[in-house]
Amino acid sequence: MKKLLILSILLSIISCKGQENESKELVKKANTFFMKSNLDEKVKIDSCLILVNKAIEIDDENFGAYYAKNTFLVFKKDIKGLLKNNEKMIQLRPKQPYWKIHRGLYLELSGEKIEAEKYYDQAILDYQNLFLKPNQNNEFNLRMEYLTALEAKGDLKKAEIELKKMSVDFPDNETLKVYKTEYKFKTKKELFEIWEKGTDE
């Protein structure tokens with residue numbers, strides 16, 4: 001009886017691993033198809049969404065599938081779809097404030113400014129709390145996310161201050177050098193104009 005129970009558990013684990021791999025393979029296929037296909041843009045994106053939706057159906061905790069789906073939904077400008085997908089992303093990555101910033105933007109694009117502000121404020125507070133932990137203030141990618149969060153909220157003065165601090169903390173970072181010389185923080189109006197014009201702006 002004990003051996004049967006162990007065998008059953010092992011088979012269950014192997015089955016779950018198989019499903020995870022199948023789900024990841026579908027996401028990989030969707031991303032490759034998106035990059036290499038010469039089909040009409042709408043057909044291509046809809047095809048990719050079919051693949052990632054299947055990946056999610058197989059493994060509804062595959063964060064990579066939701067991440068890919070987010071990209072395809074942005075190209076479709078599907079705000080309702082983005083909000084639904086983003087809800088699951090936050091659920092799967094509750095300690096990553098970045099996805100709350102995304103939610104704030106999607107809510108604001110759909111006209112829900114008050115609700116959007118709540119998510120911006122919560123995300124920025126989450127970043128600030130993360131920076132209180134040992135070594136987190138030296139994490140470059142996290143600091144870049146925070147910079148993006150300040151820009152998304154529309155707090156460009158604080159973004160400029162943070163950029164100056166980062167220049168001191170990471171003086172030799174090549175990404176930051178390019179960012180400082182070639183990028184200009186965008187106002188909320190400019191960000192929304194980019195959304196209206198298209199994703200390749």
Side-chain angles (χ1 to χ4, degrees), residues 20 23-24 26-28 30-31 34 45 48-49 51-133 135-156 158-159 162-163 166 175-176 179 183 185-188 190-192 194-196 198-201:
E20 282 177 25
S23 181
K24 285 175 183 176
L26 283 167
V27 175
K28 193 187 285 186
N31 288 329
F34 183 71
I45 291 165
C48 290
L49 281 167
L51 288 169
V52 293
N53 283 334
K54 182 65 179 172
I56 289 166
E57 188 182 314
I58 293 166
D59 178 9
D60 71 348
E61 293 196 354
N62 179 356
F63 185 80
Y66 295 99
Y67 184 90
K69 186 173 181 176
N70 185 81
T71 303
F72 304 138
L73 290 171
V74 166
F75 275 93
K76 278 181 75 84
K77 291 186 169 44
D78 181 354
I79 294 290
K80 283 185 181 177
L82 282 163
L83 282 166
K84 186 177 178 184
N85 190 64
N86 174 263
E87 188 176 353
K88 185 67 178 183
M89 292 177 84
I90 291 172
Q91 184 187 326
L92 291 172
R93 295 288 189 275
K95 293 181 180 177
Q96 292 180 351
Y98 192 61
W99 310 115
K100 292 176 185 174
I101 286 293
H102 278 231
R103 189 163 194 82
L105 281 168
Y106 303 148
L107 284 164
E108 193 163 1
L109 282 163
S110 64
E112 297 180 57
K113 290 185 180 181
I114 294 170
E115 195 65 20
E117 283 299 321
K118 289 179 188 174
Y119 278 93
Y120 292 141
D121 291 341
Q122 184 58 60
I124 286 166
L125 183 62
D126 288 351
Y127 278 117
Q128 290 167 350
N129 287 333
L130 280 171
F131 295 144
L132 295 174
K133 294 182 179 179
N135 300 320
Q136 289 298 306
N137 205 39
N138 295 324
E139 175 56 51
F140 178 76
N141 291 333
L142 196 63
R143 295 277 294 276
M144 284 299 290
E145 281 182 22
Y146 180 57
L147 207 57
T148 306
L150 291 169
E151 181 180 27
K153 180 173 167 52
D155 203 337
L156 304 190
K158 280 188 181 173
E162 176 61 18
L163 184 58
M166 287 180 71
T175 303
L176 196 58
Y179 199 86
Y183 187 79
F185 288 117
K186 293 175 178 60
T187 63
K188 198 65 69 81
E190 288 170 328
L191 287 173
F192 289 171
I194 289 170
W195 169 268
E196 290 301 323
T199 52
D200 49 18
E201 285 293 310

Asks: Side chains of L51 and F72: does their closest heavy-atom pair fall under 4.5 Å?
Replies: no
Asks: So for atom CG, which belongs to L132, do other residues, nucleotides or ligands contribute more than 12 heavy atoms lying within a distance under 6.0 Å?
Replies: yes
Asks: Work out which heavy atom in L147 is nearest to a heavy atom in A159; give both atom names and the distance.
Replies: CD1-O, 3.2 Å
Asks: Looking only at side chains, do N53 and K69 share a donor and an acceptor under 3.5 Å apart?
Replies: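 Checked: N53/K69 side chains pair up, N/O donor to acceptor below 3.5 Å.
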Asks: Set out, in order, the CA-CA distance, both residues' side-chain angles and the distance that settles side chain to side chain contact (heavy atoms under 4.5 Å, CB included) for Y106 and L73, then state yes or no.
Replies: CA-CA 11 Å; Y106 303 148; L73 290 171; over 6 Å; no
Asks: What's the separation between atom CG in L125 and atom CG in L130, rounded to the nearest 0.5 Å?
Replies: 10.0 Å
Asks: So which of E112, K113, E108 actually passes side chain to side chain contact (heavy atoms under 4.5 Å, CB included) with S110?
Replies: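 Considering E112, K113, E108, a side chain to side chain contact (heavy atoms under 4.5 Å, CB included) with S110 is found only for E112.
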Asks: Restricting to non-hydrogen atoms, name the atom on A55 and the atom on S23 that form the minimum distance, rounded to 0.1 Å.
Replies: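 Smallest heavy-atom distance, with atoms named: O-OG, 2.7 Å.
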Asks: Of all heavy-atom pairs between V52 and A68, which one has the smallest distance, and what is that distance?
Replies: CG1-CB, 3.9 Å
Asks: Could you state the interatomic distance from CD (Q128) to OH (Y146), rounded to the nearest 0.5 Å?
Replies: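 One gets 4.0 Å once the value is rounded to the nearest 0.5 Å.
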Asks: Would you sort out whether Q122 and D126 count as a side chain to side chain donor-acceptor pair (under 3.5 Å), showing the intermediate values?
Replies: CA-CA 6 Å; Q122 184 58 60; D126 288 351; 2.7 Å; yes
Asks: Give a yes or no answer on whether the side chain of Y127 reaches the backbone of Y98 with a donor-acceptor pair at less than 3.5 Å.
Replies: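 Side chain of Y127 to backbone of Y98: a pair is present.
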Asks: Do Y179 and M144 make a side-chain contact, defined as non-hydrogen atoms from C-beta onward lying under 4.5 Å apart?
Replies: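 Contact flag for Y179/M144 side chains = yes.
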Asks: Evaluate side chain to side chain contact (heavy atoms under 4.5 Å, CB included) for D121 paired with K153, printing each intermediate quantity in order.
Replies: CA-CA 8 Å; D121 291 341; K153 180 173 167 52; 2.9 Å; yes
Asks: Report the distance from atom CD of E162 to atom CZ of F185, rounding to the nearest 0.5 Å.
Replies: 9.0 Å
Asks: Under the 3.5 angstrom rule, does the side chain of K100 hit a backbone N or O of Y120 as a donor-acceptor pair?
Replies: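 It does not hold such a pair.
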Asks: Determine whether N70 and L82 satisfy the following criterion, side chain to side chain contact (heavy atoms under 4.5 Å, CB included), listing intermediate values before the conclusion.
Replies: CA-CA 6 Å; N70 185 81; L82 282 163; 3.4 Å; yes
Asks: Nearest 0.5 Å, what's the NZ-CG distance between K188 and L109?
Replies: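 Reported value, rounded in 0.5 Å steps: 9.0 Å.
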Asks: Any side-chain heavy atom of E117 within less than 4.5 Å of one from L107?
Replies: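 Result no, sub-4.5 Å side-chain heavy-atom pair not found.
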Asks: Could you give the distance from NZ (K76) to CG (L49), rounded to the nearest 0.5 Å?
Replies: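 That separation rounds to 6.0 Å.
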Asks: Side chain to side chain contact (heavy atoms under 4.5 Å, CB included), that's the test. Do L142 and F131 meet it? Break it down for me.
Replies: CA-CA 9 Å; L142 196 63; F131 295 144; 3.7 Å; yes
Asks: Of the non-hydrogen atoms in A152 and L191, which two are nearest, and what is the gap between them?
Replies: CA-CD1, 4.2 Å
Asks: What are the two closest non-hydrogen atoms of I56 and A65, and how far apart are they?
Replies: CG1-CB, 3.6 Å
Asks: Under 3.5 Å, side-chain donor or acceptor atoms of residues 83-93 against the rest of the protein: list the pairs with distances, not counting sequence neighbours.
Replies:
from : atom 1 : to   : atom 2 : distance (Å)
N85  : ND2    : Y66  : O      : 2.9
N86  : OD1    : R103 : NH1    : 3.1
N86  : ND2    : W99  : O      : 2.9

Asks: When you measure from the side chain of K24 to the backbone N and O of N62, does any donor-acceptor pair fall under 3.5 Å?
Replies: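 Looks like no, no N/O pair under 3.5 Å.
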Asks: Can you name the closest pair of heavy atoms from K186 and E151 and give their distance?
Replies: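 Smallest heavy-atom distance, with atoms named: N-OE2, 2.7 Å.
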